[in-house]
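See structure below.
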Amino acid sequence: MNAGAVSVELSKRPGASWRVKSNAHFNAGDIEQMGTSAKTAERDEAWFVKRFATALFNGHSSARQSPEVMGWWATKSLPQVLQLVPKERQVNTAFGKGGT
């Protein structure tokens, strides 16, 4: 994505938005609360935001991650993510070398 920060809006919380930054861990108490909701749609949205934030952070800091972690991300998660991102938005399609 080549993005430093992304604003996230959830359909289950109209009018509310959160800023997910690539260089910081994401921590929002209300998203955490939604993750334990009895309502499946709220729980799914919360887990999507948390997973997205983790992927954005790990992608940004890939050069500082261990080679094993980045190898796992590259084989297990990255192909699924690239299927969701339109081709014209795919700027960085590989992680930096880990462990440097």
Hey, is NZ on K50 packed in by over 12 heavy atoms from elsewhere, all under 6.0 Å? yes
In the structure I gave you, are the side-chain heavy atoms of L10 and F48 within less than 4.5 Å of one another anywhere? no
Between M34 and R13, is any pair of side-chain heavy atoms under 4.5 Å apart? yes
Would you name the heavy atoms of S17 and E9 that are closest together and state the gap between them? CB-CG, 3.6 Å
W72, CH2 atom: more than 12 neighbouring heavy atoms under 6.0 Å: yes
Between Q33 and T36, the two heavy atoms sitting closest are O-OG1, 3.0 Å
What pair of heavy atoms forms the shortest contact from P79 to A74, and how long is it? CD-O, 3.2 Å
Should V49 and W18 count as side-chain neighbours, where that means a heavy-atom distance under 4.5 Å? no
What closest approach, in Å, do E45 and S11 show between heavy atoms, and which atom pair accounts for it? OE2-OG, 2.5 Å
Output for pair (R51 CZ, L56 CG), nearest 0.5 Å, gives 14.5 Å
Ignoring hydrogens and angles, tell me if any N or O in the side chain of E42 forms a donor-acceptor pair with the backbone of K12 under 3.5 Å. no
I'd like to know if the side chain of E32 reaches the main chain of N27, judged simply by a donor and an acceptor atom lying under 3.5 Å from each other, with no hydrogens or angles considered. no
Check the hydrophobic clustering (I, L, V, M, F, W, Y; side-chain heavy atoms under 4.5 Å; chains of links allowed) and say if F26 and F57 are grouped together. no
